[in-house]
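First up is the structure itself, then whatever we jot down about it.
Because only heavy atoms are used, hydrogens play no part in the values below, and waters and symmetry mates are left out as well, while side chains stay in. We number each residue from 1, following the sequence as shown.
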Amino acid sequence: PVLLAAVVKTRIERFRETRRSTRLDGLTGLLNHTAAKSSLQRLVEQTPQGGTLTVAMIDIDHFKSINDTYGHPVGDQVIRGLAWLLKGRLRTVYLIGRYGGEEFMVALPGVALQQAAPVIERIRSDFSVLPHAHRGGALYATFSAGLACYPVVQTAAGLTEIADRALMQAKRLGRNRVETAVA
């Protein structure tokens with residue numbers, strides 16, 4: 001019985017770890033791309049009639065040059081720094097995911113666009129003054145963000161697409177800024 005209990009416990013732990021690793025990004029501990037998309041889909045489906053849900057797509061500015069200049073370990077540190085800031089500044093009921101590379105998705109259920117914009121703007125401002133240590137001292141990074149809101153856009157795919165368009169507009173307008181989508 002003791003051996004059987006140990007074997008069962010070990011298998012349960014392996015199963016849980018496997019499940020965790022298929023949903024979470026290994027670098028940041030945030031939801032990975034697939035888990036973030038499916039979680040956003042659930043949030044859209046659960047948003048009540050007349051409810052709101054704001055989605056932000058966030059991308060670290062000039063990230064390739066950070067990696068090229070300081071190396072991938074420093075680039076990873078910058079990504080972890082933004083993940084840490086997002087986790088620290090946003091409520092636990094909000095969806096925070098690493099969408100890919102240096103891009104993140106945030107979904108704020110029950111929050112209108114007008115309320116979400118200053119929250120993301122404050123995080124943007126705080127990130128721009130967060131030092132990231134490297135051999136020669138510290139570097140500072142910025143991000144651009146685009147926002148879209150349900151019910152103006154009514155599907156998860158539409159929200160990410162429109163927020164991504166707003167993100168591209170933020171980059172076109174000079175980066176280090178938050179733009180809201182005009183649907």
Side-chain angles (χ1 to χ4, degrees), residues 9-48 51-61 63-64 66-67 72-73 75-113 115-117 119-120 122-124 126-127 130 141 143-168 170-171 178-181:
K9 182 179 177 185
T10 301
R11 288 188 184 223
I12 289 171
E13 287 172 5
R14 282 187 193 150
F15 173 76
R16 286 180 179 159
E17 181 57 37
T18 301
R19 265 187 75 199
R20 219 179 353 265
S21 69
T22 60
R23 292 190 43 78
L24 300 181
D25 173 63
L27 181 63
T28 63
L30 299 175
L31 293 175
N32 65 24
H33 178 89
T34 304
K37 282 177 67 174
S38 64
S39 294
L40 178 60
Q41 180 64 44
R42 277 193 305 280
L43 284 175
V44 168
E45 291 166 0
Q46 294 168 355
T47 300
T52 59
L53 168 67
T54 299
V55 172
M57 295 300 288
I58 298 170
D59 189 71
I60 299 172
D61 297 325
F63 187 74
K64 183 180 181 328
I66 292 171
N67 272 343
H72 291 276
D76 288 351
Q77 179 185 326
V78 172
I79 289 171
R80 281 191 302 268
L82 179 52
W84 170 82
L85 194 59
L86 291 169
K87 285 190 279 192
R89 298 293 166 85
L90 296 172
R91 296 172 48 197
T92 56
V93 295
Y94 296 157
L95 180 159
I96 309 168
R98 183 171 176 207
Y99 205 67
E102 69 278 8
E103 194 169 15
F104 296 79
M105 174 201 286
V106 173
L108 301 99
V111 179
L113 198 59
Q115 299 161 324
V119 170
I120 301 300
R122 198 166 29 256
I123 294 170
R124 185 210 55 78
D126 291 346
F127 182 68
L130 182 68
F143 72 71
S144 300
L147 305 177
C149 189
Y150 178 95
V152 175
V153 180
Q154 297 197 351
T155 66
L159 284 165
T160 54
E161 180 184 337
I162 300 299
D164 201 50
R165 277 195 224 152
L167 167 62
M168 292 302 113
K171 291 201 175 274
V178 177
E179 288 294 318
T180 58

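Taking the side chain as every heavy atom from C-beta outward, R98 and I79 approach each other to under 4.5 Å. Side-chain contact check for D25 versus L31: every heavy-atom pair is 4.5 Å or farther apart. Taking the side chain as every heavy atom from C-beta outward, V119 and R122 approach each other to under 4.5 Å. Between D164 and E103 the shortest side-chain heavy-atom distance falls below 4.5 Å. A heavy-atom distance below 4.5 Å is not found between the side chains of V44 and T155. A heavy-atom distance below 4.5 Å is not found between the side chains of C149 and Q115. Using a 4.5 Å heavy-atom threshold, the side chains of Q41 and K37 count as separate. A 4.5 Å side-chain heavy-atom check between I58 and I123 finds every atom pair outside the cut-off.
Considering V55, L90, L95 as possible partners of V106, the one that fulfils the side chain to side chain contact (heavy atoms under 4.5 Å, CB included) test is L90.
For A141 against I60, the heavy-atom pair with the smallest separation is CB-CG2, 4.4 Å. Contact record, A56 with L147: CB-CD2, 3.2 Å, taken as the closest heavy-atom pair. Shortest non-hydrogen contact noted between I66 and G75 is CG2-CA, 4.2 Å. Looking at every heavy atom in both residues, Y99 comes nearest to H33 through O-ND1, 2.8 Å. Between T47 and L43, the shortest heavy-atom distance links the atoms OG1-O, 2.7 Å. Smallest separation of non-hydrogen atoms from A163 and A148: N-CB, 3.6 Å.
Remark: L82 CG to I96 CD1 distance equals 9.5 Å, nearest 0.5 Å. Atom CZ of residue F143 and atom CG of residue L167 lie 10.5 Å apart, to the nearest 0.5 angstrom. Annotation: the span from Y94 atom OH to L53 atom CG amounts to 10.5 Å, rounded to 0.5 Å. Interatomic distance, CG of L159 versus OG1 of T54, reported as 8.5 Å (0.5 Å rounding). How far CZ of R89 is from CG of D126: 4.0 Å, rounded to the nearest 0.5 Å.
A donor and an acceptor atom, one from each side chain of D59 and S144, are nowhere located under 3.5 Å apart.
Here the side chain of K87 pairs a donor or acceptor atom with the backbone of T28 at under 3.5 angstrom.
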